Each structure stands twice: as structure tokens, then as C-alpha cells.
> 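Okay, handing you the structure first.
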Amino acid sequence: MAKQFDVVVIGAGPGGYTAAIRAAQLGLGVACIDAWTSPAGKPAPGGTCTNVGCIPSKALLQSSEHYEQLNEHFAEHGITAKGVSLDLAKLIGRKDTVVRQNNEGILYLFKKNKISFFHGTGALVAKTDFGWLIKVSGKAEEDLEARHVIVATGSNARELPGAPFDEDRILSNDGALRLGAIPKKLGIIGAGVIGLEMGSVWRRLGAEVTILEALPDFLGPVDRDVAKETQKALAKQGLDIHTGVRITEVKAAAKNVTVQYTDAAGAEQKLVVDHLMVSIGRVPNTQGLGSDTVGLKLDERGFVVVDADCRSNLPNVWAVGDVVRGPMLAHKAEEEGVAVAERIAGQHGHVNFDTIPWVIYTSPEVAWVGKSEQALKAAGQDYKVGSFPFMANGRARALGDTTGFVKILADAKTDEVLGVHIVGPMASELISEAVTIMEFRGASEDIARICHAHPTLSEAVKEAALAVDKRTLNM
Ligand code: FAD
Ligand code: NAI
């Protein structure tokens, strides 16, 4: 006899585990199934984000940033150190510990919220009188029945045709997070978020990093001023980025990888590297989930088709996160998970897609929310611009990190903030204020009139808001 639940969540990434917790908080009986297994053979809930995404990449970004600061920047503060060395095994081991702590944290939260956890692969098998029959296979073998199902099976790295991942020479994000030695030369295909973050990690640790990007523009969707400033800063650090390339062949050998490509000028080029990371986007995990058995509708790229409220084509089957349309971001997955749990409980869950922030954790960090200047122009919307450089911010000078600026775009008539774009120190934290203002449909004048602590980097946000009205105080 199948165990019965109000809600069964398939996948325990940020979308799934958050949905499970919220549903349990609302008094529903909840089970969550997740297939991820740690290198030690244990359940490892948390999905891509916890195991091979947000968390481990940020752990490595932090460690490599410390190393670079010590080698390149501490001397400016009068601090010199002799005999600096790097223990890569320890650095990677620390990252693994951080991941494990997060896996354990989620298992604890499941227990605390009385969520039944099943370690295995879940598949929708049939419609029943109760709701849906879900088969769990793998570590746990169970039949579950659910009134509501939330599909949160996430995504996987997309392979380049003709260059399958072996995680030795040709790496996805997974292999790039656990290299056993610092490569002399690392090649990266795709100058997107993963390419820039992982490229920064290995460059800081000593690799010569070359990034090949197909599009002619660097960071195409990002505000042009921000993209230009970021490209300048990353190039100065030594990231060798080529845009407008076309990859023609990738050949992995025992000790290296050869990439043939055509550059932006149309010339044939060859790159030989120790490892090649391919970061050209991600594909949804929907194979074997239920499209064949129960007719769960997928689009031509394999994403579960959902409406604005995350309802699939099947009654009481929902889908959230990377497996559905929209940005592939952990916080977007979480917001959708919470909203769906609330809808199941009869509440009015809501996700505002216009105020989802983006962050790229390079140095300088890049963060934005809302419309870019080129998007406003294309939409024919009248706008005002204010920007303020960190060079003129006292805290940034004290930190010794004055790269970049804050740029605010506001409606020409109403002054409503339409977009905020930051490149510079702690942009990841500063963007929150912009998200809040935009969520409340605030004006640039609102930011300008709010008291910001001194000296803080957030004063650059206030000054950018003052600049919209052409009245900066410190420039
Ligand atoms: P996932 O996190 O992919 O979780 C899905 C889970 O479902 C997995 O555990 C999977 O094993 C499991 N699963 C799949 N199929 C089944 C099945 N049939 N049965 C049982 N279990 C199944 N986003 C950010 O917002 N900030 C960042 O800094 C950031 N950094 C990233 C860095 C890297 C290197 C990568 C690759 C991604 C990063 N992301 C980041 C993106 C983020 O990881 C994803 O957007 C997020 O994990 C999506 O969450 P999800 O719950 O939809 O899916
Ligand atoms: P991406 O979409 O950010 O970047 C992929 C890049 O590869 C694009 O610039 C694209 O033009 C390029 N590309 C595609 N095909 C190519 C080809 N054949 N040759 C050369 N270049 C090619 O995808 P990425 O970096 O793989 O990351 C996937 C997603 O994971 C991101 O879009 C983001 O949603 C998420 N992520 C978020 C992070 C964050 O929030 N800080 C960090 C890392 C990932």
C-alpha cells in the first residue's frame, strides 16, 4: 500500500526543499524525494545549488580571493608575508565541508518540519483516486501517493556537441569545482555567469585562463556600461576573453584538450589547454519523470510547460525552478516553491518576475535588477539616468576597492525606479536596497531621501539616486 501525502515534492534543490518546508509550515503532510548522493554515498539534498553550484562556487571564490588579496593587495596596507603557499587539497576540502554542512542543514530542516525524505529517483507513474502515484527507485524503493505533486528536478550542464563531459579533460561546473591540481592553462567555452566565476577562481589560483564566447557582445543581456566596465576590470586581472568566436572542433587527449575555432575576424585559431570547462547554459532534468507515463507536457527544449502560477497541464501537478521557464537562479526557484506551497494551501502565493536580482560574483561583483538602458531604449520608454562611481565613495577608498559604479534608471515622468545596475565591491549586498525600492514601486527620490549610514558603500546608491536629479553631494 502506497504511503499517502498531501504534497510530494520531487527534487530537493532550492525550489523543492523550500516548497516542502513552506507546505509543512502550512500544516500539510509532505514528502520530498531527492536522488543526489554525496561522494561518501550519503543523501545530499540541496540540489545543484548546494552540491555543485552556488555554495561550492562561492566557497572557492572566497578562498581564491583571500589568496589574491594576500599576494597582490595586502602590501598596499603595509602588510607583507613571506613564504605564502597554497594547499589546494585543503582549499577544496574546505569547500566540501561547506557543502556537507548545507546538506546536513537541509536534512535537519526536513526533520524539524516533519517532512518524510526519500533518497532516490521519483517518477510520476499513474493517476489514482487519491491523486498521483509516484514511484521512488534507487537508494529508497517506495510507492507514494500524493494529492499534489511539485516537480523541482532542476537542470544539468549543457554539453557542446562532439565534446561530451568526462570531468577529467572536458569539465562541466562539477569537474571545475574539484580539480586536483591547478591547471597551467584552462580553457572555458561560454563567457556567461559560470565561465566568469569559475574562470576567476582558477585565474586567481594561478591558471592562465582563456574564455571563448560565441556572442559578439560581452555579457549581452547586461547593461552596456556595466558590461564594458566589467570586461575592462576582468581583462586587467588577466582573464583572456574572446567574443564572437565559433568553435569548430574540440579534441580531448590524455593530457590536454585542443580547441579549434574561428575568431571574430574570421581567422582560424587553435587553443591547447590542460582542461576545458564548457559553460554554455543548462538543460532541464525531465527525462523519465512522467511525460511518457502520465503525459506531463514538456516544451521543445524539455522544460515542463507551466502557467504563470507554475501549474502544469496535469491537475494538481506543479513545477518550479530551473525545470520551468524563467531565469535559472536559486532565489527564483525558492520564491516559486514558496508561492506554489501557499497556492496548494489555498493562499495567494506571488512571485514578482520584474524584481528578481542577478549577481555575478566576480571581482568586481556585478548585480542588477530591472531594465537595462538598452532595454528601455528598445521599448521606447523615456527615462532619466543617474550614476555614481565608487572612486568618490569614502568607504570604497578605505577598503582599497574603487572599481565600478552604481547606475539608476528612473521613469522620466514619474521617477519610478526601472532598473539598478551595479559593478563594484559588494554589489551582491547593495542590490537588495534596489530590489526593495522596486518592489514597493518607489522613486529615485525615495532612495535619495533615505538616510544611509556613513561611511558605507550604500552611500553610492544614494548618490546615484541624487544624480538622477543632477544633485550629487560628493562629486
Ligand atoms: P536543482 O538545484 O538543480 O535541484 C534539483 C534536484 O532534483 C537535484 O538534487 C537533483 O538530483 C534532483 N532530481 C532530479 N531529478 C530527480 C528525480 N527524478 N527524482 C528525484 N530527484 C531528482 N544561482 C544563484 O541564484 N546564485 C548563484 O550564485 C548560483 N551559482 C551557481 C553556480 C553554478 C556553478 C551553477 C551550476 C549554478 C548556479 N546557480 C546559482 C544556479 C542555481 O544552482 C540553480 O538555479 C538552482 O539550483 C535551481 O534550483 P532547483 O531547485 O530548480 O534545481
Ligand atoms: P549562461 O547562459 O550564463 O552563459 C552561457 C554563455 O555561453 C553565453 O554567453 C552564451 O552566449 C555562450 N555560448 C553558448 N553556446 C556557445 C558556444 N557554442 N560557443 C561559445 N559560447 C557559447 O550559462 P552558464 O554560465 O552555463 O550558467 C548557467 C546558468 O546558471 C546561468 O544562466 C545562471 O542562471 C546560473 N548561474 C547563476 C550564477 C549566479 O547567480 N551568480 C552563477 C552561475 C550560474
Side-chain angles (χ1 to χ4, degrees), residues 9-19 32-37 43-58 60-61 118-124 134-138 140 150-158 160-161 163 172-174 176-177 188-199 201 211-221 242-247 250 259 261 277-290 319-324 326-334 336-337 356-362 365-367 428:
V9 185
I10 308 179
Y17 89 76
T18 309
C32 185
I33 310 164
D34 190 86
W36 209 295
T37 304
T48 302
C49 172
T50 299
N51 292 294
V52 293
C54 327
I55 302 299
S57 61
K58 267 79 250 177
L60 294 190
L61 278 157
F118 297 92
H119 185 203
T121 302
L124 278 155
I134 296 137
K135 198 161 194 57
V136 185
S137 51
I150 305 176
V151 174
T153 48
S155 66
N156 253 310
R158 183 152 79 87
L160 191 70
S172 70
N173 53 295
D174 182 8
L177 285 160
I188 296 178
I189 299 187
V193 198
I194 296 180
L196 297 181
E197 289 187 359
M198 293 311 299
V201 165
I211 309 186
L212 304 176
E213 164 62 42
L215 292 179
D217 286 334
F218 176 70
L219 286 180
H242 302 257
T243 55
V245 312
R246 192 170 60 82
I247 311 293
V250 174
V259 183
Y261 66 96
M277 182 179 81
V278 177
S279 46
I280 56 170
R282 298 179 61 80
V283 289
N285 290 328
T286 43
Q287 266 198 335
L289 191 64
V320 302
D322 278 14
V323 80
V324 302
M328 287 182 160
L329 295 171
H331 41 283
K332 176 264 194 183
E334 288 173 9
E336 285 183 334
I356 295 175
W358 278 83
V359 178
I360 308 176
Y361 294 82
T362 43
E365 290 185 343
V366 182
S428 55

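In listed order, ligands and their atoms are each counted from 1. We use all heavy atoms of the structure for the numbers below, so side chains are in, but hydrogens, waters and symmetry mates are not. None of the values given here were measured: they were computed from a predicted structure. Quick note: residue numbers are just sequence positions, from 1.
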> Give me the residue, atom name and distance of the protein heavy atom closest to atom 39 (C) of ligand 2.
Val359 O, 3.3 Å
> State whether the shortest distance between N or O atoms of Ser57 and N or O atoms of ligand 1 falls below 3.5 angstrom.
no
> With only distance considered, is Met328 within less than 3.5 Å of ligand 1 through an N or O on each side?
yes
> Indicate yes or no: does an N/O atom of Leu177 lie under 3.5 Å from an N/O atom of ligand 1?
no
> Just heavy atoms, cut-off under 4.0 Å: does Arg282 contact ligand 1 by side chain, backbone, both, or neither?
side chain
> Should you measure from each heavy atom of Cys49, which atoms of ligand 1 turn up under 4.0 Å away?
2 (O), 43 (O), 47 (O)
> For ligand 1, is there an N or O atom under 3.5 Å from any N or O atom of Ala333?
no
> Can you list the atoms of ligand 1 that are under 4.0 Å from a heavy atom of Leu329?
23 (N), 25 (O), 45 (O)
> Counting both backbone and side chain atoms, is some N or O of Ile194 under 3.5 Å from an N or O of ligand 2?
yes
> Would you mind checking which non-hydrogen protein atom is closest to atom 34 (O) of ligand 2, with the distance to 0.1 Å?
Met328 O, 2.5 Å
> Evaluate Ile194 for polar contact with ligand 1, using N/O atom pairs at a separation under 3.5 Å.
no
> Below 4.0 Å, non-hydrogen atoms only: which portion of Ser155 touches ligand 1? Side chain, backbone, both or neither.
backbone
> Once you restrict to heavy atoms under 4.0 Å, what part of Val52 touches ligand 1? Side chain, backbone, both or neither.
backbone
> Would you check whether Leu160 has a nitrogen or oxygen atom less than 3.5 angstrom from a nitrogen or oxygen atom of ligand 2?
no
> Considering only non-hydrogen protein atoms, determine which one is nearest to atom 8 (C) of ligand 2 and report residue, atom name and distance to 0.1 Å.
Glu213 OE1, 3.5 Å
> In terms of residue, atom name and distance, what is the protein heavy atom nearest to atom 22 (C) of ligand 2?
Ile280 CG2, 3.6 Å
> Of Ala214, Gly281, Cys54, Gly220, which has the heavy atom at the shortest distance from atom 2 (O) of ligand 2?
Gly281
> What are the atoms of ligand 1, with element, lying closer than 4.0 Å to any heavy atom of Gly154?
1 (P), 3 (O), 5 (C), 52 (O), 53 (O)
> Do ligand 1 and Val323 have nitrogen or oxygen atoms that lie under 3.5 Å from each other?
no
> What atoms of ligand 1 come within less than 4.0 Å of a heavy atom belonging to Gly321?
52 (O)
> Is any N or O atom of Lys58, backbone or side chain, closer than 3.5 Å to an N or O atom of ligand 1?
yes
